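These notes concern the structure reproduced below.
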Amino acid sequence: MSEQELTRRNFLGLAGVAAAGAATLGLAGCAPKTDSAHAAGGGTPTSAPATWDEEYDVVVCGAGIAGLAAGICAAREGNGAKVLIVEKDVTPNGNSPFCAGSMLYCDDAEAFGVYLKAMLGDHTPDDVQKAFCEALTENLDWLYELGAKEEWLDIGAPATEPDPAKGAEWPELENWWTYGRIKFKTKDTDGPTHVHTFFEQTAENTENLTIEFSTPMESLVQDPETKTILGVVAGGKTYKANKGVIMCTGGFESDPDMLYNFTGVTGCVPYAGKANTGDGHRACAAVGAGFWHMYGGAQYWTALRNLDNTEFLSTVWNFTKKNLGITVGVSGRRFYMDYDACSCPTSPYAEPGSDIHLNMGYRHGITNFGGMWNHLPLPEVTWFVFDADAMATGEIFTDITDDPVADGWAYEAATIEELAGKIEVPAAELTATVAQWNEFCERGADMAFYRPADTLTPVKTGPFYAMRCVPAMLNTDGGPTRDAQGQILDPFGEPIPHLYSAGEFGSVWGHLYQGTGNVGECAAFGRIAARSALANE
């Protein structure tokens, strides 16, 4: 058995245990029981009802970019197939309307596959990576087929050789220049200004495609003998799906229990995805799905909040630079490389060809930890500490407030000891931490966490300030295991018949992540899943 096969089998087995345990412990939640379907996570699936409320060829759960893409593809390529999208919210939602809107694509699947493999390693099987790369080559042409106009789009084309002007997320890796990105222009256009809006408008004008809003997916209906998925229960009604169900219900970023159980973090505040509460995960656990990449996603970093913990300082990620101070835990000590702005799109992530093991900073929440890049669990509360000189620069609050102390954004104190009392950390520890930090600044080298030299700003001029920070995130990527055809697999690697997925619901991004990758995956695997479902008799 190859190392990859062994790794994959062990991973799927462990994922199955996690799924079974989740259902046993009540992770699978509850839905109203009916005579025609089992409740999500509640007991053994039952046979199909004698009479279905409605019947379709393909049912898609979730109306984010992945769900819309899957529904549009199934309806347009299905030779008259009837397609339904059910969405729990009142409008197409999830993370899609709030994302930056850039879509990954490539021209050369083989060349880009080298870069993708360097990012994902063996955490995602090679055949799934290959299918993804091949589907990415369709993304741009597919937008044109759906009616997008060239003048609506801002296209960053893939390069054929290293291009120093191209800002890949992992320029240390081979073939980092081979990806492209597509984004709808936000001005000087007569068309939609966001990819989600484009898909929403396209769906509304696609024949044989119906979207039902305020219709939460409650459970999957499964044949007890063959394990085939027959349909769904949503909004209290049963919907038959003759060819398949495509799960596009996103992540679990707004389910605190799931976040803690799978990532070890409490107190997280997601930027979006308020409707993403793991409904699809529970339903798939109930029908025997295996799970992967549950730790993955754009998570976590310490985001600046007001003292009441009710508002972010910045809603564009967290890219409020912390180069003007340090971040400490409730211990009063620094505990990680606390300069989040290394991930800022306006500055390079790293020098091409440099040693990735020595580079520092955050990239979609992934950070250097002992030379390896991982997601870090972060404390529920941390404090950004800075001084009067930093405040005087005007860089921290910009146009948010003219009086951050009076408006509840920061504590102010004449001394570090007094500041420690206000944020309830040990005064001796905070004093020692600030003193050590100032020594590092004088030396020009952060020997604790290796912050970039140009971010070594001392904290020595009173008055002193502290701002609350919390773990923040954009999305999770974990979910049911998926194969190259978009089929959801059981814990032993076998497909659950007529059950598929796309997007961040069991994403391929299980390790390192390239920005624009989630939207690109939504379109790519939306089509893959739709075409696989349509191929069923």
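From a predicted model like this one, the values you see are computed outputs, not experimental measurements.
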Does a donor on one side chain and an acceptor on the other come within less than 3.5 Å for Q514 and Y115?
yes
Sidechain-backbone polar pair: E439 side chain, V434 backbone, donor-acceptor under 3.5 Å
no
Got a salt bridge between R333 and E429, using NZ or NE/NH1/NH2 to carboxylate O under 4.0 Å?
yes
Whether the T302 and Y336 side chains hold a donor-acceptor pair (N or O, under 3.5 Å, no angle test) is what I'd like checked.
yes
Assess the side chains of N323 and T455: does a donor N or O sit below 3.5 Å from an acceptor N or O?
no
Main chain of D257, side chain of N261: is a donor-acceptor contact present, judged purely on distance under 3.5 Å?
yes
Classify the side-chain pair D255/N276 by whether it contains a donor and acceptor separated by less than 3.5 Å.
no
Would a 4.5 Å heavy-atom cut-off, applied to side chains only, mark D355 and E172 as touching?
no
Just by distance, do the side chain of S501 and the backbone of M247 share a donor-acceptor pair under 3.5 Å?
no
I'd like to know if the side chain of D89 and the backbone of T91 have a donor-acceptor N/O pair within less than 3.5 Å.
no
Side chain of N309, backbone of R305: donor and acceptor closer than 3.5 Å?
no
How about F112 and Y179: are their ring centroids closer than 6.0 Å?
no
Polar side-chain atom of T393 near backbone of A390 as donor-acceptor pair, under 3.5 Å:
yes
For T433 and R334, does a side-chain donor sit closer than 3.5 Å to a side-chain acceptor?
no
Spacing of E412 atom CD and K422 atom NZ [to the nearest 0.5 Å]
7.0 Å
Could R482 and E521 be called an ion pair, given the rule that one side-chain N must be under 4.0 Å from one carboxylate O?
yes
Looking only at side-chain N and O atoms, does N359 offer a donor or acceptor that is under 3.5 Å from a partner on S354?
yes
What distance separates W437 CH2 from E442 CD, expressed to the nearest 0.5 Å?
12.0 Å
Go through the steps for H281 and F505 under the test ring pair (Phe, Tyr, Trp, His ring centres under 6.0 Å), then give the verdict.
CA-CA 8 Å; H281 297 72; F505 185 71; 4.9 Å; yes
When rounded to the nearest 0.5 angstrom, what distance separates CG in L153 from CD1 in I182?
7.0 Å
Check D190 with K185, please: is the shortest side-chain N to carboxylate O separation under 4.0 Å?
no
Take Y513 and H364 through the test ring pair (Phe, Tyr, Trp, His ring centres under 6.0 Å) and record every step on the way to the result.
CA-CA 7 Å; Y513 171 75; H364 283 89; 4.8 Å; yes
Do the non-hydrogen side-chain atoms of L116 and C133 ever get within less than 4.5 Å of each other?
yes
May I ask you to check whether Y271 and F98 place their ring centres under 6.0 Å from each other?
no
Please determine, by modelled atom types, if D403 and W409 share a side-chain donor-acceptor pair under 3.5 angstrom.
no
Are R451 and D338 ion-paired here, with the side-chain N under 4.0 Å from a carboxylate O?
yes
Identified side chain to side chain contact (heavy atoms under 4.5 Å, CB included) partner of I211 from the options V60, T206, L68, V86:
L68
Check whether Y295 reaches the backbone of H511 with its side chain - one donor and one acceptor, N or O, closer than 3.5 Å.
no
As an exercise, state the distance from CZ of F449 to OG1 of T367, rounded to the nearest 0.5 Å.
10.5 Å
Between the side chains of T277 and D279, does any donor sit under 3.5 Å from an acceptor?
yes
May I ask you to test the L104-F132 pair for a side-chain heavy-atom distance under 4.5 Å?
yes
Is it the case that the side chains of E253 and N95 hold a donor-acceptor pair, with the cut-off being a distance below 3.5 Å and no angle test?
yes
Roughly how far, to the nearest 0.5 Å, is CD of E424 from CH2 of W383?
8.0 Å
Walk me through it: do T178 and V114 pass the test side-chain contact (heavy atoms from CB on, under 4.5 Å)?
CA-CA 9 Å; T178 56; V114 173; over 6 Å; no
Do the side-chain N and O atoms of N306 and T310 include a donor-acceptor pair separated by under 3.5 angstrom?
yes
If you measure only the distance, is there a donor-acceptor pair under 3.5 Å linking the side chains of T189 and K149?
no
So, R181 and D154, do they make that salt bridge, N to O below 4.0 Å?
yes
The reported gap from CD in Q436 to OG1 in T431 (rounded to nearest 0.5 angstrom) is 13.0 Å
Do E138 and R527 meet the salt-bridge criterion of a basic N to acidic O distance under 4.0 Å?
yes
Measure the shortest side-chain to side-chain distance between N475 and F252 over non-hydrogen atoms and say whether it is less than 4.5 angstrom.
no
Taking it one step at a time, do F464 and F386 satisfy ring pair (Phe, Tyr, Trp, His ring centres under 6.0 Å)?
CA-CA 6 Å; F464 300 96; F386 56 100; 9.9 Å; no
